[in-house]
Structures are given as C-alpha cells and as structure tokens.
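To start, the structure itself, in structure tokens.
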Amino acid sequence: MEFLHDLQTYEFLQKAFITSIMVGIICGVIGSFIILRGMALMGDAISHAVLPGVAISYMLGINYFYGAVFTGILTAFGIGAITQNSRIKSDSSIGLVFSAFFALGIILITRARSATDLTQILFGNVLAVRTSDMWLTLAIGSLVILVVILFYKELLVSSFDETMAAAYGLKVRFIHYSIMFLLTLVTVASLQTVGVILVVSMLITPASTAYLLTNRLSVMVLLAAFFGALSAVIGLYFSFVYNMPSGPVIALATTALFLLAFLFSPKQGIVFRKIQAFNRKKLA
Amino acid sequence: MSDIISVKDISVSYFGKQVLENVSFEFTSGHLIGILGPNGAGKSTLLKAMLGLIPKDKGLIEINSKPINDFRKKIAYVPQRSNIDWSFPITVKDTVVIGTYPSLGLLRRPRKEEKEWAMRCLEQVGMQDFANRQIGELSGGQQQRVFLARALAQKADYFFLDEPFVGIDVSSEEVIISILKKLQSEGKTVFVVHHDLTKVKNYFDELILINKQLIDAGPVEKVFKTEIMARAYESPFLMLKDLEVQL
Ligand SMILES: Nc1ncnc2c1ncn2[C@@H]1O[C@H](COP(=O)(O)OP(=O)(O)O)[C@@H](O)[C@H]1O
Ligand SMILES: [Mg+2]
C-alpha cells in the first residue's frame, strides 16, 4: 500500500492518476459505440494517423493537440472518400490510408525530435503527464461525456438501425463524422497514457468485455468506462512501482479483464455454458 | 379526407447501373399495397427511394403535392430482418421505445409515458411477455413482430415494410397481417414488399408490380392477372405454379 501513500505525496503521480482514470473512462465510452458500429479498425486507423499531426505540431511549435486532431479528421474523411468513390472496400481503404499517415508520422517525428520522444508517443509514459496534459484530457473527457449524455438517444438509434434513423430525418452522415471527431479527441487525450499503438486496446477491449456482460447499451457504456479506468490505474501502478511502460501494461490489464468475462460471464461465458450443457445432458 | 401519395417518374441507379426506370404511380391513403416483382426487380430500392434513403437520378415523391421530406416523422420503416444486428445490446422493450424517438425530437428522453406506450404496442403484437429479452433471443417471427410494434409506437401515417413475411412462422404472419389490415381500416397507408405470390389476394387490396420498370399498379383484381404478372416474372413457369392456387 506504499502506492497509496505515494499517491498522496507526489503531485506528478496525482496528475497521472486523474489523467489515466479519465482516459480509461472516455475510451470505454467511445469504444462502446465504435465496436457496435463495427468500426474497430477505424479506431486503430485514427489513433495511428494522429502521429504526423503530432510531429508537425512539434515542428511548428504549437500544442500537439491541434495537429493531431487535424490529421485524425483528415484520415476519417480520406477513408470515407475512398470507400464511397471507388470499389475499394472499407477495410482496405482504412489500411491503405492509415499506414501512409503512420509512416509519414514516424519519419517526421524522427526528424523533428529524438528517438525517446518517439518511444513515448508510441507506447505512452503516463508518469510524464504534465499539468497542461491533464487539463486537456479533462476538457476532452467532459466534452465526450456531455455529448454522449445529451445525444444518447441519437447515438443509440443510429448505431442500432441506421436506416430507420435516416428515415426519420437524422443526419446519419453527420453523426458518423461526429463520432470520428470524438474518437480523434479521445485518441489525442490518450497519447500520454497509452501511446498511439495501443490506444486501440483501450477502445476495443473494455467495451468488448462489457458487451459480454449485459443486454443494455447504457449498462455496457458504464461498464466499459469502469473497466477502462480500472485498467488504466493498473497500468499506472505497474509503471510507477516496476518502472514499466504504461501502454503495454494497460493493454494487458484490459485483456485480463476480457478473459475473465469471456470465461465466466453468466450469459456468454464459456465456463457457464459448458456447465449448463453438462446439466442438461444429465437431466436428459 | 384522404391524402394522395404520388411517385412521379423516378429513376435510380447504383454506380451507373440503372435499377429503376421512370417509375410512376399514385395511391390515396387507406390502402394496403403490395410491392411485387421477382428477385432483384428493385423492390427494396423503390422503398428506399420513396423514403429518401438513397439518391434518385430523377423524379419526385409527394404527399398532397408536398415533398415527402415534410412527412418524415409520420413514416415508419420496418427493415428487412437481415439488415439488423441481432446481437446488439438492446432489449425488446427498448427496441419498441425507439419508435417514440421521432416525435421526441433532439435532447428529450423517453419517459414513463413513452415506455408505457411502448408496452401497449408490444401487447398489440402479443410480445409483452418478452419485453426484457435481448432481441437476438427471439424467433424470426417474434423479431418481426417486435419491429412492427416499433412502427406502431411511432404513430405513423405511412408504413413501409420490406419482406416482413420471409422466414417467419404462420402465427406471427397472421398477427402481422391482421395488424396491417387494422391500420388500413384506420385510414393509414401501408406498403409491403413481398415476393411470394400466394396469398396476394387475401393480403393486399392494391398492388405495384415492378421489374426495373413499372409493369402495372392498381387494385388487386385489375393487376393480379396471369397475363400482367407474366410480364414481370422472367420465368413464367415458376410464377404460374404459385398462381394456380389463386386464379
Ligand atoms: N447498394 C447497392 N449497390 C449496388 N447495387 C445494388 C445495391 N442494392 C441493390 N443493388 C442492385 O439493384 C438491383 C435491385 O435490388 P433490390 O432493390 O434489392 O431488389 P429486390 O428488393 O427487388 O430483390 C439488384 O440488381 C441489386 O443487385
Ligand atoms: Mg429486397
């Protein structure tokens, strides 16, 4: 419990703590919608595609936020444009666009900054969270949570039955790009904590874990937020106590939670289904 | 007073391939209208074009000479069952509550009133006992009834159903058709895409027969005749086998 003591003592640890909890929450929330819309790959793409934006921001001496959001959005539109205007299928156009952006990002970053910076951006370093990063994360987090609360109904119907949503007049295209925009913001907020490469695990895994445990979207979103935050705190702990990179630890923590649900979830879990099947056989 | 819904000269193509060509027809409200035609004839496309879900090359769809866009909230759409993600985390009841969303508008949430109304719609289709089930845990016929309940919850004036009877049990089919007939008797307009030719006469009072172009549209007695039907179906033998039962 030394960790708890340190948490009370060190300000940098408190910042890291608050930031990682917020990152966990918003990744879980947005991730829930991402996986239900079948856009997991898109999440991966956008997270990689913010890299050149970060590099360009360094070069221009502006906050990495602006560049990252810019290239993130550009990617979403680029993928949309290729899919709609050619016969290339959506998964291919996603791979095509994001690998190009990611490659460009790596070259730009190595030119602009040192290799250590690259490692931090790729794999996260939650202990290096600055005050400004924390406030940025809190601002993005509040925005994401507010939008999801206000437009929960619209997000639900457009994810579940986009045709009906369009039929009664919702702007489903606008909703799609709004989600892409929020996704980009969440990715940028997660850069320090998890790093570019593993943001996808925070987006997809806690939401998938929650998906196995409930039949209600609202519960799924809350559970995903909880699992995300829990994983992030576990990551912070190992990062601080054992000096490990935070991103990979967080990714493994999300996976461990997923495996627990996969095996033991009352409805979907393998173990319970096996037991049920066994009991049924005994009865028969 | 009955309304007039008219489709004026619409053409639709996908990636340059024309699927509907100069289709026009007109109906007054209070009819149960079957949209018939062979596989790939453009029935679903016609429905989607009428709902404004896909771009048209040309043409107009109007209700009382006003664009159909002005009536969107009064239009309920029941999708083809294959277009729904049945593993979505949503219960039967919440699915029906979605039917109240159009009238709620942005920002307002469904409250007790909307939820009770959704339950009453579920009762109409006989699915109230399944309210808390996840939608994937139902049979095909039950799923179709739930989506009809959602359409009822919308309190719409126009109903569009795409192949509602495909792959469902007989009792669900009876429940659905009796509700559609009730809607018709209340003066609502119901369009049903259908490709099984048996029971056409029992189900519909008006027909639209298409195969890329409009073959014919009007009262069942007028359209549902061998020589007219044969013009829509490329393989007359298949069709005749189905038709003998009725003609
Ligand atoms: N999204 C689409 N993209 C390209 N072609 C399509 C699309 N939807 C339908 N089609 C084509 O348009 C034609 C009509 O399709 P559809 O309206 O689904 O027919 P029906 O419902 O009568 O079986 C078919 O040839 C089909 O292959
Ligand atoms: Mg069809």
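Throughout, a chain's letter reflects where its sequence line sits, starting with A, and its residues are numbered from 1. Predicted model, so just to flag it, every value in this text is computed and none were measured.
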- prompt: Between Leu107(B) and Leu150(A), which heavy-atom pair has the shortest distance, and what is it?
  reply: CD2-O, 3.8 Å
message: Need one label for Arg150(B): side chain, backbone, both or neither, based on atoms under 4.5 Å from any heavy atom in chain A.
response: side chain
- prompt: Just wondering, are more than 12 heavy atoms of other shown residues or ligands nearer than 6.0 Å to NZ in Lys89(A)?
  reply: no
task: Determine whether more than 12 heavy atoms belonging to other residues, nucleotides or ligands lie under 6.0 Å from atom OH of Tyr152(A).
output: yes
message: Within a 6.0 Å radius of atom OH on Tyr177(A), are there more than 12 heavy atoms belonging to other residues, nucleotides or ligands?
response: yes
field: Heavy-atom proximity to chain A below 4.5 Å, by part of Leu106(B)
entry: both
statement: The reported gap from CE in Met164(A) to CD1 in Ile84(B) (rounded to nearest 0.5 angstrom) is 10.0 Å
field: Interatomic spacing from OH in Tyr168(A) to CD1 in Ile98(B) - rounded to 0.5 Å
entry: 8.5 Å
task: Mark yes or no: Lys153(A) above the aromatic ring of Tyr101(B), with NZ or CZ under 6.0 Å from the six-membered ring centre and no more than 45 degrees from the axis.
output: yes
task: Check the surroundings of atom CZ in Phe226(A): do more than 12 heavy atoms from other residues, nucleotides or ligands lie under 6.0 Å from it?
output: no
query: Does anything in residues 207-220 of chain A get under 4.5 Å of chain B by heavy atoms, and if so which residues?
result: Tyr211(A), Thr214(A), Asn215(A), Arg216(A), Leu217(A), Met220(A)
message: On a heavy-atom basis, which atom in Asp85(B) and which in Phe160(A) lie closest, and how many Å separate them?
response: O-CE1, 4.0 Å
Chain B contact via Ser32(A) - side chain, backbone, both or neither, heavy atoms under 4.5 Å: neither
message: For Trp86(B), I'd like to know if atom CH2 has over 12 heavy atoms of other residues, nucleotides or ligands within 6.0 Å.
response: yes
message: So which residue, Gly169(A), Ser159(A), Ala166(A), Ala167(A), ends up with the most heavy-atom pairs under 4.5 Å with chain B?
response: Ala167(A)
task: Side chain from CB out, backbone as N, CA, C, O: work out which of these in Pro102(B) comes under 4.5 Å of a heavy atom of chain A, or both, or neither.
output: both
query: Do the non-hydrogen side-chain atoms of Thr163(A) and Leu53(B) ever get within less than 4.5 Å of each other?
result: yes
- prompt: Are there more than 12 heavy atoms of other residues, nucleotides or ligands under 6.0 Å from atom CD of Glu186(B)?
  reply: yes
- request: Using a 4.5 Å cut-off on heavy atoms from C-beta on, say whether the side chain of Arg109(B) contacts that of Ile149(A).
  value: yes
task: Tell me, yes or no, whether the heavy-atom count around Phe88(B) atom CZ, taken from other residues, nucleotides or ligands under 6.0 Å, exceeds 12.
output: yes
